[in-house]
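Numbered from 1 within each chain, the chains take letters A, B, ... in sequence-line order.
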Number of protein chains: 2
Amino acid sequence: MKQDGLFVRLSAHRLFAGMSEEDFSRALIMLDAHRRAYARGEYLHRMGEPLSAFGMVLLGTVQVYSDDPDGRGMMMANVAEGGSFGESLAFLAVPRAPVHILTTTGCEVLWLRTASLRTPSSDPFVFLLRDRFTAMLATRTLEMNDRIQILSKLTLRDKLTTFFTEWERRTGSRTFTVPFDRAALSDYLGTNRTALSRELSNMQNEGLIEYYKNSFKLLC
Amino acid sequence: MKQDGLFVRLSAHRLFAGMSEEDFSRALIMLDAHRRAYARGEYLHRMGEPLSAFGMVLLGTVQVYSDDPDGRGMMMANVAEGGSFGESLAFLAVPRAPVHILTTTGCEVLWLRTASLRTPSSDPFVFLLRDRFTAMLATRTLEMNDRIQILSKLTLRDKLTTFFTEWERRTGSRTFTVPFDRAALSDYLGTNRTALSRELSNMQNEGLIEYYKNSFKLLC
DNA sequence: CCTCTTCTGTTGCAAATGCAACCTTTTTTC
DNA sequence: GAAAAAAGGTTGCATTTGCAACAGAAGAGG
């Protein structure tokens with residue numbers, strides 16, 4: 001596999017942080033990395049099939065969706081550049097993944113297999129990789145806690161303020177651009193697109209925020 | 001530490017499944033296990049402090065709560081007998097845990113430290129334990145996905161049917177008892193206690209379910 | 001057995017919001 | 001650059017549901 005620029009782009013990722021370029025290459029080999037480009041709207045994975053590897057987004061944005069029995073789609077995760085998805089399903093080798101995964105933009109994805117992480121080995125490097133992977137999962141559960149906190153709020157206004165506060169904390173700025181369009185954001189918040197538009201309008205009229213497209217500025 | 005009965009009670013847990021009693025004892029030593037009893041309503045952990053170990057509930061039920069900035073408590077997890085909590089916070093050694101943990105009944109908890117899981121070692125047994133622990137985390141993220149699905153539903157009726165369907169799947173029966181009282185259940189579903197009571201009544205009147213206390217029977 | 005506490009259910013009301021219908025703006029495609 | 005498609009906004013209306021207040025039932029402790 002060509003590794004052009006991969007080291008530069010991924011050396012900050014928590015899975016590879018602090019590795020030398022040699023170790024990084026070694027990690028990619030161990031994880032049987034392969035790289036693939038996808039068009040906008042293309043499926044990376046279909047529900048009901050096993051996920052043989054987890055993905056790391058090199059370019060673009062992918063979304064993890066779960067279909068309700070009644071067909072209403074539900075976004076489980078929105079993964080931007082540098083993010084990853086499917087770690088748990090791949091690690092556990094779940095035979096029928098309960099989600100489908102698709103792109104919202106043109107994308108490039110690095111697929112990584114977890115098989116070598118589960119094979120006993122006394123190699124300290126394997127140990128390191130496994131430790132990093134476990135830490136990734138632990139971090140993921142903390143992130144999901146954040147989402148659960150938002151979804152647990154009873155009013156849309158509360159959801160939005162929690163969401164904004166989180167992004168302020170995450171970006172360290174009161175102005176930020178989120179990787180969601182309105183429909184995706186309403187999914188993420190567990191609400192309705194038009195209700196979301198309405199509430200954003202209200203908040204702008206009340207002087208709490210300003211926004212243009214997906215860029216928001218907190219005025220509070 | 002006394003291990004009376006622990007092997008019998010925990011040998012089915014995914015962390016220890018399939019281990020001989022000797023290996024089990026060895027695991028407890030490696031994880032620096034210690035056992036402690038708590039009274040109903042007692043705090044196992046207070047928000048803002050580091051969690052030096054994760055817990056496994058031997059007896060009773062504990063709840064993980066997160067306080068809103070505005071003080072409204074929010075239940076993040078309800079952990080019944082055989083369940084565990086705090087794995088991510090302990091593994092990552094988060095300096096100030098964002099939750100508090102308390103009992104809802106008299107409880108007995110087995111505390112387990114993750115330090116040995118992070119220390120490089122070529123011991124195959126360490127490898128096994130780490131693998132189990134990682135699988136625990138992966139399973140946890142899948143469970144949280146289920147909760148997120150429930151919380152993402154727009155109506156209380158939808159939340160309840162999803163919740164019931166999940167318990168039907170989990171227990172394999174259309175009659176089951178959940179470890180939540182009404183207040184806890186309303187927290188879990190992200191709604192209001194009285195609204196929950198109302199909707200349960202409605203569903204019973206419509207002949208969809210029957211219930212007595214925390215036991216539910218699906219009639220659909 | 002009695003008291004006190006906790007849990008659960010009911011109801012009226014006001015506020016929130018899902019939904020449908022429709023329009024405007026932006027983006028994509030050819 | 002025109003046409004088509006996608007995204008975003010607005011509004012009215014009906015439904016949902018959060019909230020408060022209260023009452024009955026069950027449980028705990030003496």
Run the salt-bridge test on B:Lys153 and B:Asp158 with the 4.0 Å N-O cut-off and return the result as yes or no.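 B:Asp158 and B:Lys153: not salt-bridged.
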
Salt-bridge criterion met for A:Asp146 and A:Arg170 (N-O under 4.0 Å):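 Result for this pair is no, no salt bridge flagged.
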
Rounded distance (Å) that lies between atom [atom2] of [N] and atom [atom1] of [X]:
X	N	atom1	atom2	value
B:Lys153	C:dG18	NZ	P	14 Å
A:Tyr212	D:dG8	OH	C1'	11 Å
A:Arg182	C:dT27	CZ	P	13 Å
A:Leu200	D:dG9	CG	C1'	11 Å
A:Asp187	D:dA7	CG	P	12 Å
B:Leu185	C:dC7	CG	P	14 Å
A:Asp158	C:dA15	CG	C1'	13 Å
A:Arg40	D:dA5	CZ	P	14 Å

If you take the centroid of each ring, where Trp contributes its six-membered ring, are A:Phe133 and A:Phe54 closer together than 6.0 Å?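 A:Phe54 vs A:Phe133: aromatic centres under 6.0 Å.
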
What nucleotide, of [options], holds the atom closest to the side chain of [X]?
X	options	answer
A:Asn192	D:dT17, C:dG18, C:dG9	C:dG18
B:Lys213	C:dG18, D:dG27, D:dG9	D:dG27
B:Leu154	C:dC19, C:dT6, D:dC19	C:dC19
B:Ala195	D:dG8, C:dA20, D:dT17	D:dT17
A:Thr194	C:dC7, C:dT10, C:dA21	C:dA21

Nearest-nucleotide comparison on DNA chain D, the residue closer to the 5′ end among B:Arg193 and B:Leu196: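 Final value for this comparison: B:Leu196.
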
Mind checking [X] for me? I need base, sugar-phosphate or nothing, with any heavy atom below 4.0 Å counting as a touch.
X	value
A:Ser197	base
B:Asn202	nothing
B:Leu156	sugar-phosphate
A:Ser201	sugar-phosphate
A:Arg198	base

Quick one: does B:Arg147's side chain have a donor or acceptor within less than 3.5 Å of a partner on B:Tyr188's backbone?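 Indeed, once roles are kept as given, a pair shorter than 3.5 Å links the two residues.
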
Modelled atom types, side-chain donor and acceptor of B:Thr134 and A:Thr134, under 3.5 Å: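 B:Thr134 vs A:Thr134: donor-acceptor pair found between side chains.
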
For C:dG9, does either OP1 or OP2 sit under 4.0 Å from a side-chain N or O belonging to B:Tyr211?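 Indeed, a polar side-chain atom of B:Tyr211 lies that close.
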
